[in-house]
Structures are given as structure tokens and as C-alpha cells.
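Shown next, in C-alpha cells, is the structure this report addresses.
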Amino acid sequence: MAESFELPKQYDFQTAWERWYPYWEENKLFHSTPNPDKKPFTIVIPPPNVTGALHMGHALNNTLQDILVRMKRMQGFEALWIPGTDHAGIATQAMVEKKLREEEGLTRNDIGRDAMVKRIWDWKDSFEKRIIGQLKKLSVSCDWDRLRFTLDPVCARAVRNTFFTFFEKGLIYRGKKLVNWDAALQTAVSDDEINNETQAGHFWYLNYPVIDPQPGDLEFVTVATTRPETMLGDTCVACHPEPRKQLDLLEKQLRDALADAKDAEKDELEAKLEALLKRRETHLELLEKLAAMAKAGKKLLLPLANREIPLVADIWAKPEMGTGCVKITPAHDPNDFEVGKRTRVPFISIMKKDGTLAAEASVYTWDGKKFTNITADAPELSRTVPEKYVGMKMLDARDLMVADLEAAGVLVKVEEHEHEVPVSDRSKTIIEPFLNDQWFVRMADLAQSAMDAVTDGRVKIFPERYSRTYLDWLSEKRDWPIGRQLWWGHRIPIWYVRAVDGSDKMPTEAELAAAFAGRSDVKWVWDEEGKEWWICLREGEMNADVIPGYTLVQDDDVLDTWFSSALWPHSTLGWPEQSEDLKYYYPTSVLITSRDIITLWVARMVLAGLQNCGDIPFPNVFIHPKILDKYGETMSKSKGNGIDPIDVIQKYGADALRLGVAWLSTDSQDVRLPVDFECPHCGEKVEQTKENRIRPRVKCPKCKQFFSTQWAKKEEDVALPRGTVISERFEMGRNFCNKLWNASRFVMMYLMEDLDEVSKPDYTLQPVADSELFMEDRWILSRLCTMAKMFTEGLERYDYATCVRTLYDFTWDEFCSNYIEIVKYRLQTPELKATAKRVVAYVLDALLKLWHPVIPLITEEVWHLMAKVAPKRGLTAEDLAREQPESIVRAPWFVDFAGRINPTIEEQFVVFQDVLKAVREIRSRQNVPVKQDVQFVVKCPDEVAALLLPMKPYFSSMAQATLVDCGPNAAMPALSSNATGANWELGVNLEGLIDVEAELKKNRAQRDKLIGFITGKEKKLSNEAFTSKAPAKVVDAERASLADLKAQLAAVEEAIARLEK
RNA sequence: GGGCGAUUGGCUCAGUUGGUUAGAGCGCCGCCCUUACAAGGCGGAUGUCACAGGUUCGAGUCCUGUAUCGCCCACCA
């Protein structure tokens, strides 16, 4: 005999995880292997960086993935979700270096490469553990047997093979480029790792003397600069070759623009034109002089360095701006770099890698094809930095140089100027453009292939507007610098040849061919510029001594993190091995990520997938919103406004967190999540402000005690209890789970009555015939199917918020507040309870399934309880024949959509709900005591009466009201409170109870309101334009509505008349 | 400078191709610890849909402009 059980009144979310997550893992419910009988559904996780713990954005991202994966698994797909983490090169190394510096006062160079890498691995291990712990607490259904890390051997193999293939195809090259140099981290960083910050600065105007000026020539030219310290690397001054022509052109463009400009823009354009005309007046003579001098090959004397530089003509010098000419420092400015290449002036790199000025600058020339290092041959250029500045940091040298320039009479003017300064995202130091060797991926073809995939629809991006971000970025087709001067990452698989005797001789092609005879896994090319071989090895370690007389040394640099991330969808599946996994699961089904990495990651995955696998990595990309705080700022630990999902889970449960974030996931680009402290002493919410969120301790305004924050450093602060950072937004999810729990508890309470019956081995159930169903049964089944259909279809469009809100409303309002309340009466009436139990169990069963992807823990818990009290809970023979799996994780998705959807009944039921609500409102308004029974009548057409009369017991049970008369001839009680609906009028008999004044007041307000509507509608309907132009359907609806309103008004007026008597 | 997005009750947000009286959660007010649920029930109040024009019989929804805010990309000596 089965034992009945009692359940607590409140859902115990705090221990739910312990009950179910280990159960799922032990039973391998998330593990997937290729199954030819099923269709695959694959997602790869956007691998979180091992730089730190997960934040709310990750919680959102992973919840959304889990919802889809769990639904697809239940729908019968072979669902696989591959988890993993990303080594995040620069970011992680920077974190560990910072720690090393702060705790031990050491730099990476102090401890050496191997020790440093070891420390980063330790860091990685600890954060990977933490991240995975967080993900598991979120209750995600990843296949943990397939956990990957972007530096693990499987991924490394994919990286090596990709690099080798690209190298073989000539898609990888090494060139000298201006890189963004982070002198603090001593590495180049990509454009994407830089933020521009507005800073107050100056324009310094300098006079460069003209050497040997001829009559008519200028004595000196004036240039303006925001970075005077770079002047030592100047190799020319540029002016426009044809200033008159250029000014004419600009003038024409402005006049054209003005001709078809809108009024609002005219002022601005006219001002510009005026300025231009004035400029022509004041500067043209000077500009033409400059152009002539440049043509004549005039030279200037570069102050401080005291060397000659030419005046050249180049279109970069805009005649309409500044002094008309511009100093060119090709090795220290991106624009000047291009000018240098065009004008073929030398490139002088005056900075060392540590950000200080070099005693010997490096000098290069560009011949249109390649750079040549001429440092040794050009001492007058390489010794451009006067001794006094050598070893100074660039910025420090600036002040001294400005002073010296002023002393030399060269500085003629200083202007205040606000400008943008590039700052390294990681080290927060100013970026210096720096001439360096760099490995690049040629992007022209690769980018085009990735663009095509989106333009021809093979890859769809949701919401669609983000396609533009993707396409715009790719269309620039800028070559991708892939080297990073770091130690943490995939080392570039290129080896250089060094002679063992220390000379700079190189082996011949024949020697290489002999050394690597018969090997297709080695490729080498000759680098014209550096006069050396580049040897690439597909896999494994290079034998350093393979060429007699030479030794091979590997490039020191590592690859950009995104190089390995780009391979993630296929590297995780074992590519390049053509495994069953790869064939079965690739392409993956959808990628879910945030908008900030559409370009860096999504675009590169598409091109890498196409290149390596010949197919797109995923047909769909869903971009979810970004979570901001209440000020609209991004959450981050450094601002103190970040939330650890674990804190939310502890306070509200994983289900509540998941429901909360899914609720927020609309198609807008960001959502705000107000964040507050919770006082550890009294539990009070303490509003988080921009002021208090950066303090080490905060005082609770309620209990007046202090608590610590993440900033607590001092001992006395650390000793205080920690105030967690949470958001009460998640109460909604917690409350909902509790509601669902209690609804389940209630349903099971009645199902338990049959426990003895149910637990017999030969227990069977008969299908429920349609005729046995009551109207409310048909209504709830119809609503259930309608909602389930919307939910299922909505998720296919990634419309999470709508789906979740729809199902929430259905569960709470329709199932709990309406159906369960209705069906209580039947459950408590022996001869009526059988069908009611079956329907209520059926609907709950369906709800558990539909909710499971969103709130997996509570649904699994109830599922197991339901298995005890109602092992079979279907309505049809098919339902009853189906075996329910032990875990809801593998339960079949609810798909009984079409059969039971009945729009008519859904519509009709609204009348019952309206009447019920009206009766309740009257009771409330008239302060009728709770236990006082009232009588009411409804005057309505026969067909409405036919719907309402069977509901009579429910008016009693749900509103303590007895329906005494219902139909076209129902007579209103003499002293009543009334309400009207579209085609009904009700009166609650309030003999002896009524507050006549209150009632009159309410009725008069209602009358005025109705008159307002009626007037509006009459006006609308008397408008011929409306009746003739609007669709007939709309006009008819308006007429019907007007008739209803008039009937209601009549009823209200009658009621008023009765009351006034 | 270019692009994208936002602006709806006290707060955070929904609002499907323009169509009757604009919704939710939290908060607020009143009544109720009614045998599923006080993390609850029943009822209630609160919105000139940022502003100004326009299109339309009809605009929160479409168009133009303005303001404020946010994000992305680029950047001039």
C-alpha cells in the first residue's frame, strides 16, 4: 500500500538543486551521442573567459540556451550542448600579472615564461572550476562529458591545422604594421581592445625653419601637433600639392550640399562655406607657396634633432585645415604611416618596447613592396633622439621637449584642445602606435565568404537589425592581426632558422627540402624582407636540429584569442578529424550570444567554419539584450554594480533567476536591472547608489549597522558581514514557483485519495470521453493548447519574454485563479470528482512539461511526486498507453495543440469571468461581509443564460453569491447593486446591506463614462469618411459596440432611478 | 562624424501587419490569516504613450523634425 505524503506550504527552492542536479548528472541525462534515429540539435556555449566569475549577462545567456536545449530534447531531438571556457589571452594574463605585481611585486619577466604560464594555468583551473560550479548551480543541461577549453589538446589541434591550412593557402603573412602598442603589458593589442577617451590636451604650433630659402620662399613652415614628442621621428612635412584646385572642389561640394539642404542644416553649411571662403582669402597664397616649395624639393631643419627633412606634397595635408601643412611621423601615427608609404620617406621608430625613447632609433624604408631595415646604414637618422631624452617615457619627454622647443623659439603658439586618446582596455595605459612585425590573416576572400552567408540567408541573425553590424564590419575587409606578444595562448606555429655558428647565413631551399623530405605537414616560405625562412608545422613539436648546421626556433608570440574562438563550433566536435560527432552534430543549430561580439566572434566563426568545414557553423544567431543597472550602465565588478548569479540563486533559487532573466529577454538591445544591497544584519534592502557602491563599507539606514562590500580591504572592513548585491526583480520568479508548487500540492492532495487504487499493479484508467467533459474542462483544455502552441512557436523565434509571460499568465490567472477555483467544487463532490481530477492532473502535467525548460528544478520535483500519485495522467487512449519517463528531462513535449482548441468556448467563457468579477466587485464595494451570502440575477439572452446556469455552483463557491434568476425576463431586485456587460445586466440583491449613496455615486460615474464613449462612437459613426473608408468589419463592430453601450447606459439609468426612489 | 536603439502609470518593462475603453511585475490603497498558496486571495487607484509637425476615416504603432539618454564603429595635424 502506497503511503500518502505531506508537502510543505512553501516550495523549498534552497535545497531543490541538491535533490535534482546530482540526479541528472548521475543518470547522464544531458549526455548525447550521435543517434541516427533522431535529428540532432546542437548548441555550443559561448565559452566564458576564465578571467573571472560569471555575471548576470552569463546567467541570461546560458538560461536562454538551456531553455532551447531542454525543449528540443523533450521534442525528441538528440540534443547536445557543449560547454567550455575560453583562455582569453590578454585578459587572463593581465589579471595574473596584476596579481603577481600586487602580491609579490614581480613582473612576468622576473619569473620567466614557464613559471608565468604555470601560474596562469593555476588561475585558469581555479576559475574554470568556479565557472562550471556557477553554471551547474544555474541548472543548465550541458553535456559535461564534453567539456572543452580553448587551449586543450583537441582545440590546439584544430588551431594548428587551421593555421597550417591558411599558411599553405597564402592567407597568412607577416608584415610590418603600425600596431597599437601597450607599453605596460608590452604587447600589441587589437583595435577592439582599445577604448577612446576624451582628454584635455593642447595643440602646439611649431616653426620648422626652411633651409636655404630663396626669395619668395617662406622662412619657416608652421605645423601643429597634439603629440610633440613624436617630432623626433618626423621624416617630412606635407602640404597639399594643388591647394587651389582642392579648395575649389570643396567649395563646389559645399554649394551643392547647400542647394538641397534642409532648412535646419543650412546655417551650418553656410557657416562652413563662409569659413572656406575666408580661408581661401587668408591662406591660399601661403598654400600655393608651400606647394611650389615642395615641388622645388625644399628642405626643412627639424628642431632638436637638427636634421634635414623634406617638404613634400601629399593629399593628406588638408588645405582647409590647420596651418596648411602637417608634420609626418610615419612610424608613430597611422595616417602618417600611409603618407610615408606614398611619399617613400624613411620610417623612424624612436620608441622602445617599454615605451621609452631609444638611443638608437630603428629606421626602415619602403620600396612599394617591402620594408628594409637601414638602421646601420643611416646613422644620421637612427641617432635622431638627443641624449637628454633617451630613456624617458614618451609622455615625460613631451614636457621637457616642449620646454626646449620654447627655449629655442620654435614654439609659436599653444592652444587648448580636447581630443580622443586611445587607452588600452586591459592596462588602462595610453596606446602608442608602434612599428612592429605582425602576423596577419588576409581577409578579402574570407570576409566576403562570411558576408555572403548572411546576405544569401544561410545564416540568419535575430533580431535582424544586427545583420548590419555584421556586414558593415566585414565589408571593411581589414586584415586581421593575429599575433599577440603574450605568453598565454596558442603559440604561433612558425619556426625561424638560425645558424648554429651564430652567423646570419640561411639554408638553401634544397637543404630544407632534404630535411623535410616526404613531409606534407611542413611548409616553408621565403621572407624577402627579413631574408629568412618561415617554416610552418601542421602538428606536434618541431625537431630543432632537423637541418644540419642550423637550429629551429619557434616564434615567441601567441595567437589572438579569437583565432581559437573562431573554430569553436567545429573544434569542439573534434575537427579536423572527420569523426561521427562532427558529421552528426555539425553545423550546430543556433548560436546565442550578446551583441558586443557579433564582429569579433560571430563573423569569424562563420568564415572559419566555411573555410575549414565547407559549411556554415550555424543557421541561426540570436542576439540577446545586454543587462544594465538602473542607471543604464553596464554591470561590472570594477563599478561595484555587478551581481553574482550565485547570490541571486541563494536568495531566490535558480528557477526564479531563470524565470526572471527569460522574462527580461525581449528583442530590445538592453534591459535595466535595478541592483541593491541587502543588509546582512536586518535583511533590509539598501538602495545602491553611485556613491555607496564604491565604498568599502555601507551603513544600513534601518538598523544603523555597517556591512562590507567587495571593496573592503582594511581589516576592520573585511571583518564586517558582507552585504550581498542582489535585485528584487527576482521575487517575481520565486513567487511564481511557490504558486506553481501550491497548485501542484493542491492537485495532488486530491489525487492522493486514490493512492491505494493507483499503486495496484493492475491499475488501469479508461479514456475520458468528450461527453464527460464540463464546459470549464473544455475551456481550460482549449486555453492550454492555445498557450502551448504560442509558447512552442514563440521559442522557435527566440521570443522568450512573450512566451514566458504568456505561460505565466495562463498558469496563474487561468489555471490557478479560474480553473482550480472552479473545479474545487467538483473535487469536493463525490459524484463529480472523477473527471475533474483527470483534467486537472492532465493540465498540470502539461504545464510541468512546458515549464520545465524555464524552471527545471521545481518541475522535476513535482514530476516525481506526480509519478507517485498519478502514474498515468492522460485523457485519451494514446496518452494512457504512453510510458512516462522517470525524469521530466526526457519527457515528451506537450503537443496536443489542434484537437482541443475551441475559440468559441474561449470567447463564451469570458462572459462567466466577467459576471463573476462584477459580482465580486459589488461585494467588495459594498463591504458585504465575507461569509454573508448574496443573491443576484442576470438579465441576458437565452444563449448567455445557457452558459451561465451550469456555472451556478461556482458563483456560490467563488463569490458567495447565489444566482437566483437568469434569462431574458429576469427581474432586477428592488434594492440592488448593478453592473452591465456587452449583452447582460446583473443585479445583486442588497436588501438590508446596501450603501445607497456609494451605489449612486458609482452608477453616476459609470453613466458619465458610458455617455462619453457613446458620444465618441456616435461621432465616429456619423463621420461619412469613416463609414465609407474603413473596412466593413470595423464599422460593424463599432455599430454593435455602440448598441451595447446604449443598452448598458439604459440599464445604468434604470438602476439609478430605482436607487433614487 | 557614421550607424543602431531607447523615451509608455512611482520603478522596470510588454504592446504582434495602424482598428473598440493601452497591459504586466514590483510598489500603492481597501477588505480578507476563506481547509493549495500571506512568497497568498478578492477588489481598487494611478498613463495628455518625450516634444512638434505630417500621412490616415482612425496613430502608442507609419513618416519628418526636435530634445534627452544609451550602445557600436570611425576619427583630422
Side-chain angles (χ1 to χ4, degrees), chain A residues 7 9-11 191 196 203 205 223-227 238 262-264 316-318 321-328 333-336 419-420 465-466 468-469 472-473 476 595-596 598-599 626 628 630-634 652 656 660 663-664 666 668-674 727-729 731-750 799 801-802 805 808-809 816-817 820-821 824 828 917 920-925 927-931 958-960 1009 1012-1013 1016-1017 1020 1023-1031 1033-1035 1037-1038 1040-1042 1044-1045:
Chain A
L7 299 170
K9 279 175 135 184
Q10 288 197 349
Y11 171 57
D191 293 344
N196 287 312
F203 264 135
Y205 288 81
V223 295
T225 180
T226 55
R227 297 173 61 216
K262 289 170 186 122
D263 287 348
W316 167 244
K318 306 277 186 282
M321 278 173 39
T323 61
C325 51
V326 54
K327 72 185 209 56
I328 302 296
D333 180 277
N335 291 306
D336 294 2
H419 60 138
E420 301 277 301
R465 63 175 181 274
Y466 291 116
R468 184 159 182 167
T469 311
D472 284 356
W473 184 80
E476 293 183 22
R595 66 195 148 85
D596 37 6
I598 292 172
T599 53
K626 192 168 174 173
L628 308 175
K630 65 183 153 192
Y631 301 109
E633 294 178 10
T634 50
Y652 300 109
W663 186 280
L664 290 176
T666 64
S668 74
Q669 66 178 6
D670 33 47
V671 291
R672 293 183 187 204
L673 189 67
S727 176
E728 54 182 11
R729 235 7 53 114
E731 281 179 6
M732 188 261 306
R734 179 199 58 184
N735 294 353
F736 176 78
C737 288
N738 201 47
K739 185 74 182 176
L740 181 60
W741 173 253
N742 278 292
S744 307
R745 205 161 68 91
F746 174 81
V747 170
M748 289 189 287
M749 194 172 82
Y750 286 95
D799 192 358
T802 310
R805 292 172 199 210
Y808 174 100
D809 289 343
C816 293
S817 299
I820 288 185
E821 291 301 328
K824 259 179 191 170
Q828 290 157 1
K917 195 175 168 85
R920 283 170 161 176
E921 197 207 323
I922 288 167
R923 289 192 64 111
S924 172
R925 174 156 36 90
N927 282 318
V928 178
V930 176
K931 289 188 176 142
M958 295 169 79
Q960 282 287 313
K1009 202 169 156 189
F1013 290 147
K1017 279 196 195 294
K1020 192 171 185 181
N1023 181 355
E1024 215 252 319
F1026 172 69
T1027 47
S1028 63
K1029 288 193 182 173
K1033 216 172 107 186
V1034 174
V1035 178
E1038 285 295 309
S1041 162
L1042 178 63
D1044 283 346
L1045 289 170

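First the proteins, then the strands, lettered A, B, ... as listed; each starts at 1.
- Using a 4.0 Å heavy-atom distance criterion, T469(A) is classed as making no nucleic acid contact.
- Across the protein-nucleic acid pair, D670(A) atom CG and G70(B) atom P stand 11 Å apart, rounded to whole Å.
- With distances taken from any side-chain atom of K917(A) to the nucleotides C4(B), C13(B), G44(B), the minimum falls on G44(B).
- Within 4.0 Å of K1017(A), counting heavy atoms only, lies at least one base atom of the nucleic acid.
- Comparing the same atom, P, in G15(B) and in G2(B) gives a spacing of 29 Å after rounding to whole Å.
- At a threshold of 4.0 angstrom between heavy atoms, the contacts of A801(A) with the nucleic acid are absent.
- C11(B) atom P lies 11 Å from atom CZ of R729(A), rounded to whole Å.
- Ring geometry for W741(A) versus Y11(A): interplanar angle of 30 to 60°, hence tilted.
- Counting to the nearest Å, the P atom of C11(B) and the CD atom of E731(A) are 18 Å from each other.
- The residue D596(A) sits apart from the nucleic acid: no heavy atom pair falls under 4.0 Å.
- At whole-Å resolution of the value, CD in E1038(A) and C1' in G18(B) are 14 Å apart.
- Side-chain contact between W316(A) and I328(A) is present, with at least one heavy-atom pair separated by less than 4.5 Å.
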Task: For RNA chain B, the dot-bracket pattern of Watson-Crick and G-U pairs whose distances stay under 3.5 Å, | for other-strand partners - done: (((((((..((((.....[...)))).(((((.......))))).....(((((..]....))))))))))))....
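- Taking every side-chain heavy atom of P674(A) into account, U12(B) is the closest of G43(B), G3(B), U12(B).
- Rounded to a whole Å, the CG atom of D799(A) is 9 Å from the C1' atom of U16(B).
- Between D472(A) atom CG and C73(B) atom P there is a gap of 12 Å when expressed in whole angstrom units.
- The residue among T802(A) and S1041(A) whose nearest nucleotide of RNA chain B is located toward the 5' end is T802(A).
- Residue F203(A) is classed as a sugar-phosphate contact, given heavy-atom separations below 4.0 Å to backbone atoms only.
- Residue contacts for L740(A): at a heavy-atom cut-off of 4.0 Å it reaches no nucleic acid atom on any strand shown.
- R227(A) places no side-chain N or O within 3.5 Å of a backbone atom of D333(A) that could act as its donor or acceptor partner.
- Atoms CG (N335(A)) and P (C75(B)) sit 8 Å apart, rounded to a whole Å.
- Taking 4.5 Å as the limit, some side-chain heavy atom of Q10(A) sits within range of a side-chain heavy atom of N738(A).
- Using C1' as the reference atom, C62(B) and C26(B) are 33 Å apart when rounded to the nearest Å.
- The gap from the C1' atom of C63(B) to that of G47(B) amounts to 25 Å, rounded to the nearest Å.
- Atom CD of E1024(A) sits in a sparse spot, with 12 or fewer heavy atoms from other residues, nucleotides or ligands closer than 6.0 Å.
- Within 4.0 Å (heavy atoms only), R595(A) reaches sugar-phosphate atoms of the nucleic acid but no base atom.
- The nucleotide whose nearest atom lies closest to any side-chain atom of L1045(A) is, among C4(B), C69(B), U21(B), U21(B).
- In this structure, the side chain of R729(A) does not engage the main chain of G660(A) through any donor-acceptor pair within 3.5 Å.
- Taking atom P in both G54(B) and U68(B), the straight-line distance is 24 Å, to the nearest Å.
- Separation of the C1' atoms belonging to C49(B) and A24(B) is 16 Å when rounded to the nearest angstrom.
- With rounding to the nearest 0.5 Å, the separation of NZ in K1020(A) from CG in L1042(A) is 11.5 Å.
- As rounded to whole Å, 11 Å separates atom C1' of C71(B) from atom CD1 of I598(A).
- Among the atoms of the strands shown, none is found under 4.0 Å from any heavy atom of V223(A).
- Using atom C1' as the reference point in both G1(B) and C57(B), the two lie 44 Å apart (nearest Å).
- Among the protein residues, W741(A) comes within range of no part of the nucleic acid, since none of its heavy atoms lies under 4.0 Å from any strand.
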What are the atom names and distances for every N/O pair under 3.5 Å that joins the protein to nucleotides 32-41 of chain B?
{"residue": "A36(B)", "atom": "O3'", "partner": "R745(A)", "partner atom": "NH2", "Å": "3.2"}
{"residue": "A36(B)", "atom": "O2'", "partner": "N742(A)", "partner atom": "OD1", "Å": "2.8"}
{"residue": "A36(B)", "atom": "O2'", "partner": "R745(A)", "partner atom": "NE", "Å": "3.3"}
{"residue": "A36(B)", "atom": "O2'", "partner": "R745(A)", "partner atom": "NH2", "Å": "2.4"}
{"residue": "A36(B)", "atom": "N7", "partner": "K824(A)", "partner atom": "NZ", "Å": "3.4"}
{"residue": "A36(B)", "atom": "N6", "partner": "C816(A)", "partner atom": "O", "Å": "3.4"}
{"residue": "A36(B)", "atom": "N6", "partner": "E821(A)", "partner atom": "OE2", "Å": "2.8"}
{"residue": "A36(B)", "atom": "N3", "partner": "N742(A)", "partner atom": "O", "Å": "3.1"}
{"residue": "A36(B)", "atom": "N3", "partner": "A743(A)", "partner atom": "N", "Å": "3.3"}
{"residue": "C37(B)", "atom": "OP1", "partner": "K9(A)", "partner atom": "NZ", "Å": "3.2"}
{"residue": "C37(B)", "atom": "O4'", "partner": "N742(A)", "partner atom": "OD1", "Å": "3.0"}
{"residue": "C37(B)", "atom": "O4'", "partner": "N742(A)", "partner atom": "ND2", "Å": "3.4"}
{"residue": "C37(B)", "atom": "O2'", "partner": "N738(A)", "partner atom": "ND2", "Å": "3.4"}
{"residue": "C37(B)", "atom": "O2'", "partner": "N742(A)", "partner atom": "ND2", "Å": "3.3"}
{"residue": "C37(B)", "atom": "O2", "partner": "K739(A)", "partner atom": "NZ", "Å": "2.9"}
{"residue": "C37(B)", "atom": "N3", "partner": "K739(A)", "partner atom": "NZ", "Å": "2.8"}
{"residue": "A39(B)", "atom": "O4'", "partner": "N735(A)", "partner atom": "OD1", "Å": "3.1"}
{"residue": "A39(B)", "atom": "O2'", "partner": "N738(A)", "partner atom": "ND2", "Å": "3.2"}
{"residue": "A39(B)", "atom": "N7", "partner": "Q10(A)", "partner atom": "OE1", "Å": "3.2"}
{"residue": "A39(B)", "atom": "N7", "partner": "Q10(A)", "partner atom": "NE2", "Å": "2.9"}
{"residue": "A39(B)", "atom": "N6", "partner": "Q10(A)", "partner atom": "OE1", "Å": "2.6"}
{"residue": "G40(B)", "atom": "OP1", "partner": "N735(A)", "partner atom": "ND2", "Å": "3.1"}
{"residue": "G40(B)", "atom": "O3'", "partner": "K739(A)", "partner atom": "NZ", "Å": "3.4"}
{"residue": "G41(B)", "atom": "OP1", "partner": "K739(A)", "partner atom": "NZ", "Å": "3.1"}
{"residue": "G41(B)", "atom": "OP1", "partner": "W812(A)", "partner atom": "NE1", "Å": "2.6"}

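- Closest of all the heavy-atom pairs between P929(A) and R923(A) is O-NH2, 2.8 Å.
- Between T666(A) and the phosphate of A14(B), there is a side-chain N or O to OP1/OP2 separation shorter than 4.0 Å.
- Counting only distance, with no hydrogens or angles, the side chain of R745(A) and the backbone of L740(A) share no donor-acceptor pair below 3.5 Å.
- The gap from the P atom of U16(B) to that of U61(B) amounts to 11 Å, rounded to the nearest Å.
- In this structure, K824(A) is positioned above the aromatic face of F746(A), its NZ or CZ under 6.0 Å from the six-membered ring centre and within 45° of the axis.
- The phosphate of U56(B) has neither OP1 nor OP2 within less than 4.0 Å of any side-chain N or O from K1029(A).
- Within the 4.5 Å cutoff, side-chain heavy atoms of K1017(A) are placed close to those of L1045(A).
- Contact check for T226(A) versus F203(A): side-chain heavy atoms found under the 4.5 Å cut-off.
- Within 4.0 Å (heavy atoms only), R923(A) reaches no atom of the nucleic acid at all.
- Each of E921(A) and R805(A) has a nearest nucleotide on RNA chain B; the 5'-most of these lies closest to R805(A).
- Separation of the C1' atoms belonging to A67(B) and G53(B) is 15 Å when rounded to the nearest angstrom.
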